[in-house]
Amino acid sequence: NKVKEAAGSGTGVLGDSKSLNTHFENNTYYLVDSTKQMDGRIYTLDNRNGGFNSLPGYDITDSDNRFTETSQRAAVDAHHYAGKVFDYYYNKFGRVSYDGNGSDIISTVHFDTNYNNAAWIGNQMIYGDGDGKVFAPLSGAIDIVAHELTHAVTDSSANLVYEFQPGALNESFSDVFGFFLDPNDWMIGEDVYTPGREGDALRSLSNPNLYDQPDHMNEYRTLPNTEEGDYGGVHINSGIPNKAAYYTINAIGRAKSEKIYYRALTIYLTPNSDFASARQALIQSATDLYGSTEANAISSAWSNVGVN
Ligand SMILES: Cc1cccc(C(=O)O)c1OC(=O)C1CC1
Ligand SMILES: [Zn+2]
């Protein structure tokens, strides 16, 4: 039963207007996108500052299909950007939703209070509102939404274990596809990071050191596999594969790089792949798709960060 779809609009986190695919039922409009090429839906829900036990949260409705309330801003961006990331994976690689099987994409905003985090929690995305100092609402940046949804892609494919080098690769692939969705700069999270300060970001692919990440194996941080150890430094040591990606993209361009990275992630990488395995997977993917020029560029990129 094809539900009635509507073209709505709304105001995002940064006060900008954007289009929304909505669903009309019971004489009101829902933040539900059924117009995608799949049986599943893109749902965006409101946790009303509850925690994990409130998930998945509550429907977000609007009587005139203009989601312009301040309280709706985080949801407007989470919904719009989830649709953009769905379209990216479908149009570029033919992947239908994060698992290739058209599963529902569920995003919940207003998770907890002053929560400076965003996450894929295994079956859905959650977005904090930030505390207004470290972060504005985290769905306000397309590279963050792409980062989170790419965790879902990774879990459905390579399923890289979230610790030590496999975990740093997990993080890096999310940052790299975050870049592919927001290729105007090499920064991650800049649109919502420190709203009171211009020009900074959560991470930099071109210069990981800027935000205390290593950019070479001789700076690899040995940390414990604990929460405070960032599970062996998954958000820290990701600077090394991130820098290799920066070198690669500069050498062979974005179009070829995204095909190579997608092929490595979905065909060659496995749960315990380490940095050396990732180098090999990317070289093999480049050879499969293009040839020795691209493969050699990747080899050099990883040698430049001390992975041989
Ligand atoms: C802000 C934040 C905190 C903890 C984990 C993640 C996580 O998703 O790994 C996280 O989100 C990001 O890293 C996205 C890129 C900004
Ligand atoms: Zn992440």
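Whatever order the structure lists them in is the order used to number ligands and atoms, beginning at 1.
- Residues passing the side chain to side chain donor-acceptor pair (under 3.5 Å) test with Y261: none are found, sequence neighbours excluded.
- With salt bridges taken as basic N to acidic carboxylate O contacts below 4.0 Å, one links R203 and E171.
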Any chance you could lay out the ring pair (Phe, Tyr, Trp, His ring centres under 6.0 Å) test for Y88 and F93, step after step, and finish with the verdict?
-> CA-CA 8 Å; Y88 173 86; F93 313 115; 5.6 Å; yes

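- Listed by chain and number, the protein N, O or S atoms at a distance under 2.8 Å from the Zn ion (ligand 2) are H147 NE2, H151 NE2, E171 OE2.
- Looking at R41 and D33, no side-chain N of the basic residue comes within less than 4.0 Å of a carboxylate O on the acidic one, giving no salt bridge.
- A heavy-atom cutoff of 4.0 Å around ligand 1 is satisfied by the protein residues N116, N117, A118, L138, I144, H147, E148, H151, Y162, E171, I188, L202, R203, H235.
- Geometric assessment of R48 against the ring of Y58 yields a positive cation-pi assignment under the 6.0 Å and 45° thresholds.
- Look at D87 and K36 and you find a salt bridge, because one of the NZ, NE, NH1 or NH2 atoms lies within 4.0 Å of a carboxylate O, short of that distance.
- A distance below 6.0 Å separates the ring centres of Y193 and F135.
- Identified under the ring pair (Phe, Tyr, Trp, His ring centres under 6.0 Å) test for residues 225-250, with sequence neighbours left out: W186-Y246.
- The aromatic ring centres of Y30 and F24 sit 6.0 Å or more apart.
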